[in-house]
Amino acid sequence: MVPKQYRQLRKVLVDWYQHNQRNLPWRQTRDPYKIWISEVMLQQTQVNTVIPYYQRFLAGFPDIHDLAESGLQNVLKMWEGLGYYSRARNLHKTANIVVNDHAGVIPDSLTEIKKLPGVGDYIAAAVLSIAYNIPQPVVDGNVKRVFSRLFCIDAPVNDSKSHTVFKEKSHELMDPTMPAAYNQALMELGALVCKPQNPHCPDCPLQSHCLAYKDDKIKEYPRRIKTKPIPKYAIAVGVVMKKGKVLITRRKDEGLLGGLWEFPGGRISPSESPETTCLRILKTKVNLTVGAGTFVTRIKHAYTHFKITVDVFTCRYKAGRVKLNGPVDFRWIHLDEIEAYPLHKANHKFIPALRKIMKSSA
DNA sequence: AAGCCGGGGAT
DNA sequence: ATCCCAGGCTT
């Protein structure tokens, strides 16, 4: 370790940031609440996707008390389409904890902030450094990639076993004098210059410090381990129609897409037709007997660990009272009312086709 | 340590 | 159509 070199590296990096940083909404504030919201949204999610969500979320919940007092369904509605919905559930839980146990102020100690649901190593360090200017190093995907190239680190960036390697390096390099600017500079460099593909090495302020660049090994870093191929499933969804209304159900709060609303559906078994699946699912999940389905559309959707194709059918209600087996709530609604409910992306993808069909058959 | 949890963008 | 990106929680 050569502290003097590190001091020079930090200075060059922060200088670069001050001249090249993007003008992003969450950089107009040091309010810990707003910084926290932005960092949770930015987790696994790209800047351009986050910007409109950030604006709407803060317009709807201007401070942490507004968020705490809101119902979870309103929070999910605001989060709709952003994915990883446990982030929204944890945001709501944490807001209540902060209001009840911390007088509405997000804690400025590492041990306290990390106790909050949804706050791990990264969010803790990001909020402490950016909002409170406390020297806690952040280690996100950008930082791992930058370090990987800067020091030719052979530990794969996408292997959980590697985390300690990057964590240690981040502590060594941390700038104790201007943590907020330094951390953001490091991540901004990863986003704008030291990009995953085609890094702009000629524009890099750290070029003279970069071991991978020096040895012409930029293409070899970061190292990563292979991920396994993901399975594909076929899903059938049934839109039950009864007196001009349709049936939607709510998923349980835990697990995939927890708390969100959807039209009932399920996996198509081998040797089963989509139409048959549709009837079976409606019988077992909501206890309804329906007429043969009319095909509406097929959409495709990709999750983290599998891909699906969804065949959508409209079915005329015949008999039965809704009894839930799986879902935790249901509503009979006019299709026009659907916007009031938080739906996941796969359902949103077929709603335009559904509207068209229902309008023409009405 | 491994698996679960969305969605969007680049190619 | 295929690959890439990626932090926190649970088990």
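Comparing the C1' positions of dG6(B) and dC4(C) gives a spacing of 15 Å, expressed to the nearest Å. Taking atom C1' in both dC5(C) and dC5(B), one finds a spacing of 15 Å when rounded to whole Å. Of the P atoms belonging to dA6(C) and dT11(B), the separation is 15 Å, rounded to the nearest Å.
Looking at the side chain of K161(A), the nearest of the listed nucleotides dA6(C), dC4(B), dA1(B) is dA1(B). Looking at the side chain of Y84(A), the nearest of the listed nucleotides dC4(B), dG7(B), dG7(C) is dG7(C). The side chain of K144(A) lies closest to dG7(C) when the candidates are dC5(B), dA2(B), dG7(C). In the set dC5(B), dG7(C), dG6(B), dG6(B) carries the atom at the smallest distance from any side-chain atom of T45(A).
Of the two residues contacting DNA chain B, namely S86(A) and S160(A), the nearest-nucleotide position lying further toward the 5' end is that of S160(A).
Both the sub-6.0 Å distance and the 45° axial angle are satisfied by K242(A) relative to the ring of W332(A). Cation-pi geometry between R145(A) and F147(A) is not satisfied (NZ or CZ under 6.0 Å from the ring centre, within 45° of the ring normal). Figure legend: cation-pi geometry between K307(A) and Y233(A) absent, as NZ or CZ is not positioned both under 6.0 Å from the six-membered ring centre and within 45° of its axis.
Between the C1' atom of dT2(C) and the NZ atom of K300(A) lies a distance of 12 Å, rounded to the nearest Å. One can place CZ of F166(A) at 11 Å from P of dA6(C), the figure rounded to the nearest angstrom. Rounded to a whole Å, the CZ atom of R224(A) is 14 Å from the P atom of dC3(C). In this structure, the CD1 atom of I308(A) is 13 Å from the P atom of dC5(B), given to the nearest Å.
Taking the charged nitrogens against the carboxylate oxygens, R7(A) and D175(A) have no contact shorter than 4.0 Å, which rules out a salt bridge. Ionic pairing of R27(A) and E188(A) is present here: one or more N-O contacts between side-chain nitrogen and carboxylate oxygen are shorter than 4.0 angstrom.
Checking H348(A) against E80(A) by side-chain atom types alone, a donor-acceptor pair falls below 3.5 Å. At a cut-off of 3.5 Å, with distance as the only test, no side-chain donor of S129(A) or Q136(A) sits close to an acceptor on the other residue.
Within 6.0 Å of CZ in R316(A) there are 12 or fewer heavy atoms belonging to other residues, nucleotides or ligands.
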Protein N or O to nucleotides 9-11 of chain C N or O, pairs below 3.5 Å:
| unit_1 | atom_1 | unit_2 | atom_2 | d |
| --- | --- | --- | --- | --- |
| dC9(C) | OP1 | G118(A) | N | 2.5 |
| dC9(C) | OP1 | V119(A) | N | 3.4 |

Atom pairs, N/O to N/O, protein against nucleotides 8-11 of chain B, distance under 3.5 Å?
| unit_1 | atom_1 | unit_2 | atom_2 | d |
| --- | --- | --- | --- | --- |
| dG8(B) | OP1 | K345(A) | NZ | 3.2 |
| dG9(B) | O4' | Q46(A) | OE1 | 3.3 |

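Within the 4.0 angstrom heavy-atom criterion, only backbone atoms of the sugar-phosphate kind lie near R145(A); the bases stay farther away. Contact annotation for N158(A): no contact, since no heavy-atom pair falls under 4.0 Å across all strands.
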Practice item. Run the numbers on H301(A) and K345(A) for side chain to side chain donor-acceptor pair (under 3.5 Å), then give the verdict. Key: CA-CA 8 Å; H301(A) 193 66; K345(A) 209 71 182 176; over 6 Å; no
